[in-house]
Amino acid sequence: MSELATLLEVGGPVAALGGGAAYTRANHPSLYWSAVGGPISTVRLLSSYASVMEACGLTVAPSRLRVLAVKATTRREVRPVPPRRGIIRPTATGLRLRLRLAPGQEPADVTASAERLRHAWGVHAVYVSTVKPGVVELRLVGFDVLRKVRMPRKTGGGFLQVPVALREDATPFIRDYRAVPHQLTLGATLSGKSMYLRHLVSGLAPQDVALVGVDCKRGVELAPFASRLSALATDPDEAAELLPVLVKEMEDRYDLIKARQGIAPGTPDEEITSDIWGLPDSERPVPVVLFVDEVAELFLTATRKDEERRDEMVTQLIRLAQLGRAAGIYLEVCGQRFGAELGKGATMLRAQLTGRVCHRVNDEASAKMALGDIAPEAVVAACAIPAERPGLAVAGDTSGGWSRIRTPCLSLGDAADVCRETAHLVPDLPALKPFRPYVPAPSHPVERPGPAVQPRPLTD
């Protein structure tokens, strides 16, 4: 009986500790990683680094000088040499370390062994990036950061840069309009596409940018942000009037750039420009970001007159996509499906949209529309997005690179509040004033007076 009592006394705290660790790992993975998972993985890495590198085929034969030195000083066997390891730097989501590759090795060799390294060191994933020739960085992620998204404190955003989501390697996914001027975002209903759009609008609202919306769903997606929008079209008829104005604005900006280029010989090269970013601050017009939600609504037609209007709108969108970057006009095109079956000009427009973000879609053809022409291997990843993870998407660009991302939760009310607080930043663009959406006066909640005398608590 005494031994049983001793086991119960010892087993109770151990069981409680194990249960607490399991709860922390499931509900607070970052805390669990910092307290338990990180130290364990660090010990595994330090104790097994050489043997793991050799098992993965990442070692090379030692140099002759090293062989002679080892034989002269010791009698131990001369083993292959692994890549030189740098200092291990812990993070809130994993570990980071740099490797100096041995002669004859390339980053692709380490990338091919990433899955083996993940299992050997007991982490969720291993990602490899090139720092400079001969040096790669390993980013070890300790847990699934996309299961419960928490953006890092330092995201590195700036002007026309919006940290909109988190990558699977725990780095922020930044929508940079200067680097990727136009983007196509696809996603089925309840896939998280609207959440992605909210982050873009709320991230651009505090910046000196003109926001223009085309929402043919009667404005249900973009109308809550009306206080910050410079123009809003809520049906195809209004869009047909707004798009020519944007094209005319683009042409006027090109005239401004041409006037600046017509300068006398001998002018310094830095004063000659081919886009608005080379203009002086006093002459540079504000950038314009055009959000097109449910782009398929612009392509649908019922009569021949609608077909003529559709052709004009598509032509104007294509012109904005082809020429808008230099004029500081950027496109954010969203929809559930987008392909050649929409009609004439759809494929040409899609080809001008450099960035691609594909949320969960209803069929493989939709994923191929978004990613098939730039990263065919990403189509499989997009088709594997589960319905219970809204906001999860695959992001790629025309360089062929792609990654999984997930947008954190942002309520419609919070995004609308940001737009109301920054309504004074709406730039003065005379051409867009006729399309400025009506913003009703805010209704102040009625203050209810509290009781004059607080009730006294009951006593026995």
Side-chain angles (χ1 to χ4, degrees), residues 8-49 52 85-99 114-129 137-157 162-174 192 195-196 198-199 202-203 381 384-395 403-411 413-415:
L8 291 176
E9 291 178 0
V10 176
V14 172
L17 184 61
Y23 173 82
T24 304
R25 184 175 186 177
N27 297 277
H28 304 281
S30 180
L31 178 61
Y32 176 84
W33 170 258
S34 300
V36 181
I40 292 177
S41 295
T42 302
V43 172
R44 285 179 179 175
L45 193 155
L46 293 174
S47 61
S48 63
Y49 177 76
V52 169
R85 175 178 54 81
I87 299 175
I88 299 176
R89 292 171 289 174
T91 65
T93 57
L95 303 172
R96 296 172 63 183
L97 71 153
R98 292 186 177 183
L99 304 182
E115 189 67 14
R116 296 183 180 184
L117 299 178
R118 178 180 81 88
H119 288 285
W121 294 331
V123 294
H124 177 73
V126 175
Y127 300 95
V128 183
S129 60
E137 182 179 67
L138 297 185
R139 181 182 291 272
L140 281 65
V141 180
F143 53 93
D144 186 4
V145 296
L146 299 184
R147 185 171 67 88
K148 188 176 182 180
V149 178
R150 287 190 176 182
M151 296 293 290
R153 295 180 180 178
K154 296 181 179 180
T155 55
V162 182
V164 68
L166 187 68
R167 296 181 186 268
E168 58 184 346
D169 62 353
T171 58
F173 174 74
I174 298 178
M195 193 77 66
Y196 184 89
R198 291 175 197 170
H199 277 274
S202 61
I385 297 175
E388 59 272 13
R389 281 201 173 187
L392 189 63
V394 175
S403 62
R404 294 181 182 85
I405 64 172
R406 193 178 187 189
T407 310
C409 181
L410 177 65
S411 67
D414 291 341

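Predicted model only: the values in this text are computed from it and were never measured.
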*Asks:* Should the pair Tyr196 and Phe173 be assigned to parallel (<30°), tilted (30 to 60°) or perpendicular (>60°) ring geometry?
*Replies:*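 Correct class here is tilted.
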
*Asks:* Is any side-chain heavy atom of Val128 closer than 4.5 Å to one of Leu138?
*Replies:* yes

*Asks:* Can you measure from CZ (Arg96) to CZ (Arg139) and round to the nearest 0.5 angstrom?
*Replies:* 4.5 Å

*Asks:* Looking at every non-hydrogen atom in both residues, tell me the closest pair between Trp33 and Leu95 and how far apart they are.
*Replies:* CZ2-CG, 3.9 Å

*Asks:* Please report the interatomic distance NE2(His199) to SG(Cys409), rounded to the nearest 0.5 Å.
*Replies:*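 That separation rounds to 7.5 Å.
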
*Asks:* Would you check if Pro152 and Thr171 make a side-chain contact, meaning some heavy-atom pair closer than 4.5 Å?
*Replies:* no

*Asks:* Knowing that exactly one of Leu146, Ile385, Asp169 qualifies, which makes a side chain to side chain contact (heavy atoms under 4.5 Å, CB included) with Arg404?
*Replies:* Leu146

*Asks:* CD1/Ile40 to CG/Leu45 distance, rounded to the nearest 0.5 angstrom?
*Replies:*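 If we round to the nearest 0.5 Å, Ile40:CD1 and Leu45:CG are 13.5 Å apart.
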
*Asks:* What residues, two or more places apart in sequence or in another chain, satisfy side-chain hydrogen bond (donor to acceptor under 3.5 Å, both in side chains) together with Arg118?
*Replies:*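 Partners of Arg118 under the side-chain hydrogen bond (donor to acceptor under 3.5 Å, both in side chains) test: Glu115.
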
*Asks:* When rounded to the nearest 0.5 angstrom, what is the spacing between OH in Tyr49 and CG in Leu97?
*Replies:* 7.0 Å

*Asks:* Under 4.5 Å between any side-chain heavy atoms of Val162 and Ser202, yes or no?
*Replies:*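 Side chain of Val162 against side chain of Ser202, heavy atoms only: no contact under 4.5 Å found.
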
*Asks:* Report the residue from Thr42, Leu46, Leu140 that forms a side chain to side chain contact (heavy atoms under 4.5 Å, CB included) with Trp121.
*Replies:* Leu140

*Asks:* Minimum heavy-atom separation for Thr93 to Ala170, with atom names?
*Replies:*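 Closest pair (atom of Thr93, atom of Ala170, distance): OG1-CB, 3.3 Å.
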
*Asks:* With sequence neighbours excluded, tell me which residues meet side-chain hydrogen bond (donor to acceptor under 3.5 Å, both in side chains) with Arg389.
*Replies:* Asp144

*Asks:* If you look at every heavy atom in Ser34 and Pro39, which pair is closest and at what distance?
*Replies:* O-CD, 3.8 Å

*Asks:* For the residue pair Met151 and Pro163, what are the closest heavy atoms and their distance?
*Replies:* CE-O, 4.0 Å

*Asks:* Keeping the roles fixed (side chain from Ser41, backbone from Gly38), state whether a donor-acceptor pair exists under 3.5 Å.
*Replies:* no

*Asks:* What I'd like to find out is whether the side chain of Leu117 reaches to under 4.5 Å of the side chain of Val52, using heavy atoms alone.
*Replies:* yes

*Asks:* Within the structure provided, determine whether Arg85 and Leu99 are in side-chain contact (heavy-atom separation under 4.5 Å).
*Replies:*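 Arg85 reaches Leu99 side chain to side chain.
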
*Asks:* Nearest heavy-atom pair of Leu410 and Arg198: which atoms, and what distance?
*Replies:*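 Minimum heavy-atom separation between Leu410 and Arg198: O-NH1, 2.8 Å.
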
*Asks:* Quick one: side-chain hydrogen bond (donor to acceptor under 3.5 Å, both in side chains) partners of Ser403, sequence neighbours excluded?
*Replies:* Arg167

*Asks:* Looking at Arg406 and Pro390, would you say the former's side chain and the latter's main chain have a donor-acceptor pair under 3.5 Å?
*Replies:*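 Looks like yes, one N/O pair under 3.5 Å.
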
*Asks:* Contact between Val123 and Val141 at the side-chain level, heavy atoms closer than 4.5 Å - yes or no?
*Replies:* no

*Asks:* Specify the closest pair of heavy atoms between Pro408 and Val149, including all atoms of both residues, with the distance to one decimal.
*Replies:* CB-CG1, 3.9 Å

*Asks:* Taking C-beta and beyond as the side chain, do Arg147 and His124 meet within less than 4.5 Å on heavy atoms?
*Replies:*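 A side-chain contact under 4.5 Å is absent here.
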
*Asks:* Heavy atoms, side chains only, cut-off 4.5 Å: are Ile174 and Val164 in contact?
*Replies:*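 No, every pair of side-chain atoms sits at 4.5 Å or beyond.
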
